[in-house]
Amino acid sequence: MVYALTPHTSFPRVGSALTGGRIGERAYIALLMEKAFPSVWRAMGPDYMRLDASSGWTGAVEHARERLEAAPAGLLARFREALADEFEAPVSATMRAHVQGKPPRAFIGRLRRALALASLRHQPPDIVIFDEFQRYRHILDNGGQANPLVKALLASGRRGPALLFLSATPYKLFATRWEESRGAQAHKELFDLIEFLAGADLRGEAERLFGSFGEALHEIVSTGDGDAAAMEAGIRKAAGLRDQLKALLEPVMARTERVGGLAVNRIDTGTTPLRAPLSTQDVAAYKHLVGSFDDKQRSEALAYWSSVPLPAQSLGVGYAAWRGREFKPMKGLVTVNETMKRKLDAPADWPDAKLRALGVAAPPEQLAMPWVAPSLAWWPLQGGWAGQVADPKLLMFSRFKATPPSVAALLSFGVESRWLKGDRGGYEIYAKRRRLKLSNTPNPVMAAFHPSPWLILNTDPLAAAGVGASLTNVRRRMREQIAKALRELRPAIHVDRGTAKARRRHRPIGRLLPALEKRVGTAETSADAWERVVGADAKAALALNAWRLAPALNSISPVELSDLADYALSAPGVIAGRALLRHAGGALGDGYPALVRLCWQGLRAYLDNPVMLAALGGDSSVEGVMRGARDGNLESVLDEHFWIQSQSLSTAQAMADDLRATLTLVAGGFNFHPIGGGDRIRFRCHVAVPFGDAEAAAAEPGEEDRTPVRPDEVRRSFNTPFWPHVLVTTSVGQEGLDFHPWCSRVAHWDLSSNPLDLEQREGRIQRYAGLAVRRGLAREIEPMLWNGEDRRSPWLRLAAIADADHGDWSGLRPWWIFDGAEITRYIFERPFGRDVSRFAALREQRFIYRLALGQPNQEDFLDILTRSGKAALDRLQPLALDLSALGLRRLVETDASS
């Protein structure tokens with residue numbers, strides 16, 4: 001048994017804040033409680049474990065019942081034992097008291113902890129994998145190992161399980177002077193981990209060798225270039241100590257280093273300064289902030305003003321300076337206010353230089369596009385996707401927690417204002433407006449989002465796609481495919497070219513499509529799947545009844561054939577079905593209900609957004625969506641996304657459900673504080689969202705018990721080609737997280753304080769098969785892909801060609817590194833600012849900071865090495881400790897060939 005732990009959800013620590021967990025886990029516990037402690041279960045009532053779950057609760061309970069029936073014998077007894085450890089005796093009475101007197105989430109969190117403990121005791125693991133190990137530092141001390149969960153993990157069995165720690169930063173690699181003054185000891189964390197893995201003796205030897213290694217580096221720097229012999233002797237001495245450290249640590253540690261010498265990862269490529277000149281409004285905002293803080297906090301104003309947009313309205317009670325403020329209205333000061341919000345009338349320029357500069361990299365016209373352009377376009381992109389110079393996805397890092405929600409809310413409002421200014425409904429009404437709705441009969445909306453099985457199987461735009469393809473030729477080929485498939489039916493359906501009346505016959509697509517499905521025998525399958533999706537909706541019931549009763553199609557006019565071709569090419573339902581079928585054969589079988597759910601509850605609900613519909617244009621909402629699907633190559637986008645998903649998901653249902661869940665993200669909003677008093681002013685976050693610890697600022701008064709959006713849900717949504725397009729975070733987002741599937745741009749709103757953080761930030765989008773890599777591979781390999789006959793995903797063919805032609809000894813090419821596949825990074829350049837020079841210094845330090853590993857006073861140590869000059873740096877860099885498996889492999893291969 002392999003256990004993968006998450007620190008604050010599946011295995012919460014004793015004393016940590018407890019949460020309600022996921023809906024499936026709560027449903028499972030509810031059924032266990034019914035069997036283990038019926039009296040407590042009755043006291044809880046049928047909806048206690050449900051919390052805020054809605055329509056999905058019934059299905060979750062049914063799925064949990066199936067899992068419980070298959071559970072191993074003895075689990076129930078172990079659950080009772082774990083509850084006895086968790087609650088004071090008498091257990092049943094204690095739990096009933098908790099049900100009556102404690103908040104539900106706290107009690108449910110304890111039940112979750114008991115279930116985890118029961119599972120571990122019932123089936124002890126053979127190996128425990130601690131992914132992102134830096135989150136589990138507490139297990140190294142006695143207090144952590146006193147936790148029953150940790151004890152069950154580490155002490156199960158006669159010898160205990162094997163332990164595997166995975167992390168880019170299992171110990172702090174680098175500490176600044178400020179961090180060290182606050183108690184951070186990077187070198188101590190390293191030695192603590194060495195002792196935990198290999199014992200106190202090895203720790204002592206490591207401390208001795210690291211100390212000698214640091215002294216040797218100091219000697220090299222102090223020698224200078226004048227004494228070449230002494231320099232060479234010093235380098236040999238340091239290299240010998242480095243090799244001793246490698247031999248000592250390699251049995252228990254390994255690191256994968258991607259930076260050393262790889263041009264694609266050099267920080268001086270792909271860097272774009274964003275000019276951020278000041279305006280008189282910026283200065284006015286600063287003067288207002290300084291004048292509003294009390295004397296003790298006034299010195300903090302510059303830092304907040306430099307980083308937080310509208311700080312007087314954004315900071316909040318988490319900041320000491322804000323708590324001692326007195327914000328008064330000031331003539332001419334640009335602020336967020338209710339009138340501006342209601343009228344969707346954002347100012348032309350916010351009083352924040354960085355926010356204005358960000359508009360160059362993330363303009364509202366680009367952010368409004370519903371999806372990212374594909375890496376491999378099947379025909380020329382048009383509309384809002386034509387001629388894009390950059391992708392809309394952007395990962396941005398800031399210093400203060402108030403910055404992400406403020407930036408996200410103002411960017412989102414800017415997009416709304418750009419496309420909906422003057423909307424008669426106003427801010428509160430427009431978001432509730434729905435245009436893509438069902439009617440009493442099968443209408444164009446239902447048709448657009450219906451994944452017609454027959455059309456999915458009998459049409460394929462790839463037959464005419466590729467280099468030099470045109471949309472006209474693709475549409476013509478689709479028309480030919482449908483006509484041929486209709487002729488092959490028994491009895492055949494031919495295009496009626498008889499009388500003028502027959503040729504002009506033009507049934508709407510809402511009637512034509514069910515008639516076609518009735519003729520080919522898929523009407524009942526489709527209606528049954530839709531019934532499971534729309535539930536008890538009265539209009540839907542009438543529409544589905546009409547679908548079932550539609551007369552079978554016996555003939556078709558030329559104009560109706562053209563309608564079917566346009567529909568097969570552009571309808572999101574058919575597009576999604578074809579794309580999914582290329583990567584999961586069960587898309588039209590067991591996975592078909594999930595496909596319908598994806599199309600209606602996912603894609604339709606996502607696209608029924610007034611901002612997107614306004615940006616797409618069109619005579620009607622349906623026409624705008626279908627035109628956008630053609631212009632923006634939606635099928636190619638979904639094909640690429642499902643190919644990425646297929647690396648970790650294997651079934652059509654899993655892929656469809658995963659995408660549907662990400663499309664329905666509700667990321668909340670942010671409350672700005674009004675100047676001069678009054679209720680807080682709430683703005684939605686959607687096209688841009690905050691991530692991680694910044695999200696705590698999003699709850700409105702009275703909503704404190706509402707389940708906040710999970711950071712992992714935000715991350716998964718960002719890792720699709722759809723909204724959100726901008727993710728703003730603090731340092732919490734820079735370690736161990738993947739943001740690369742659809743993002744190749746990173747913005748340093750505030751520069752990091754050290755080179756390690758800089759590398760960590762950019763490492764979030766420099767990862768396996770990231771967008772930048774796929775773009776580069778597509779440019780090189782595309783001419784070899786198209787033959788008009790192969791119906792497989794082009795990405796399956798591209799991957800086969802890439803693996804065959806671009807492999808190297810490291811295994812990193814082509815999917816990790818690829819020539820010309822640089823990410824884009826942005827830094828903000830203010831007049832007389834220091835960010836450009838600081839960035840240059842960080843760029844130099846990035847390539848040698850590994851030399852500071854295991855050394856005290858790391859920032860001072862690194863400054864000394866950096867000041868030694870470029871020639872010395874070039875000689876020092878190879879001395880960095882390399883514990884990577886790649887380095888070991890290269891050494892073995894070199895020895896074998898000599």
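No hydrogens, no waters, no symmetry mates; every other heavy atom, side chains included, goes into these values. Note that the structure is predicted; figures quoted are calculated from it, not measured.
- Asp349 and Gln281 are not linked by any side-chain donor-acceptor pair at a separation below 3.5 angstrom, with hydrogens and angles left out of the test.
- Residues Asn609 and His686 have side chains that never bring a donor and an acceptor to within less than 3.5 angstrom of each other.
- Comment: Asp566 does not engage Arg630 in a salt bridge, judged by the lack of any side-chain N to carboxylate O separation of less than 4.0 angstrom.
- Salt bridge status for Arg507 with Asp563: absent, with no side-chain N to carboxylate O gap under 4.0 Å.
- A salt bridge links Asp750 to Lys354: at least one charged side-chain nitrogen sits closer than 4.0 Å to a carboxylate oxygen.
- Looking at Thr271 and Arg825, their side chains do bring a donor and an acceptor atom within 3.5 Å of each other.
- The closest side-chain donor-acceptor pair between Ser375 and Arg775 falls under 3.5 angstrom.
- In this structure, Phe672 has its ring center no closer than 6.0 Å to that of Phe413.
- Aromatic ring centroids of Phe828 and Tyr826 lie 6.0 Å or more apart.
- Between Arg582 and Glu635 there is a salt bridge, since at least one side-chain N of the basic residue sits less than 4.0 Å from a carboxylate O of the acidic one.
- One side chain, Arg761 or His748, offers a donor N or O that lies under 3.5 Å from an acceptor on the other.
- Ion pairing between Arg745 and Asp391 fails under the 4.0 Å rule for side-chain N and carboxylate O.
- A salt bridge is absent between Asp619 and Arg627: the closest approach of a Lys/Arg side-chain nitrogen to an acidic carboxylate oxygen does not fall below 4.0 angstrom.
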(request) Begin from the C-alpha positions of Glu416 and Lys421 and carry the test salt bridge (charged side-chain N to carboxylate O under 4.0 Å, His left out) through to its verdict. (result) CA-CA 7 Å; Glu416 293 168 318; Lys421 183 177 180 180; over 6 Å; no
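- A salt bridge is defined here as a Lys NZ or Arg NE, NH1 or NH2 lying under 4.0 Å from an Asp or Glu carboxylate O, and Arg433 with Asp608 fails to meet this definition.
- Aromatic ring orientation, Trp742 versus His641: tilted (interplanar angle from 30° to 60°).
- Looking at Thr662 and Thr720, their side chains never bring a donor and an acceptor atom within 3.5 Å of each other.
- Contact check on Glu428 versus Lys341 returns a salt bridge, with a Lys/Arg side-chain nitrogen under 4.0 Å from an Asp/Glu carboxylate oxygen.
- For the residue pair Trp530 and His450, a side-chain donor N or O sits within less than 3.5 Å of a side-chain acceptor on the partner.
- The pair Arg597-Asp657 counts as a salt bridge, with a side-chain nitrogen and a carboxylate oxygen less than 4.0 angstrom apart.
- No donor-acceptor contact under 3.5 angstrom links the side chains of Asp639 and Ser636, judged on distance only.
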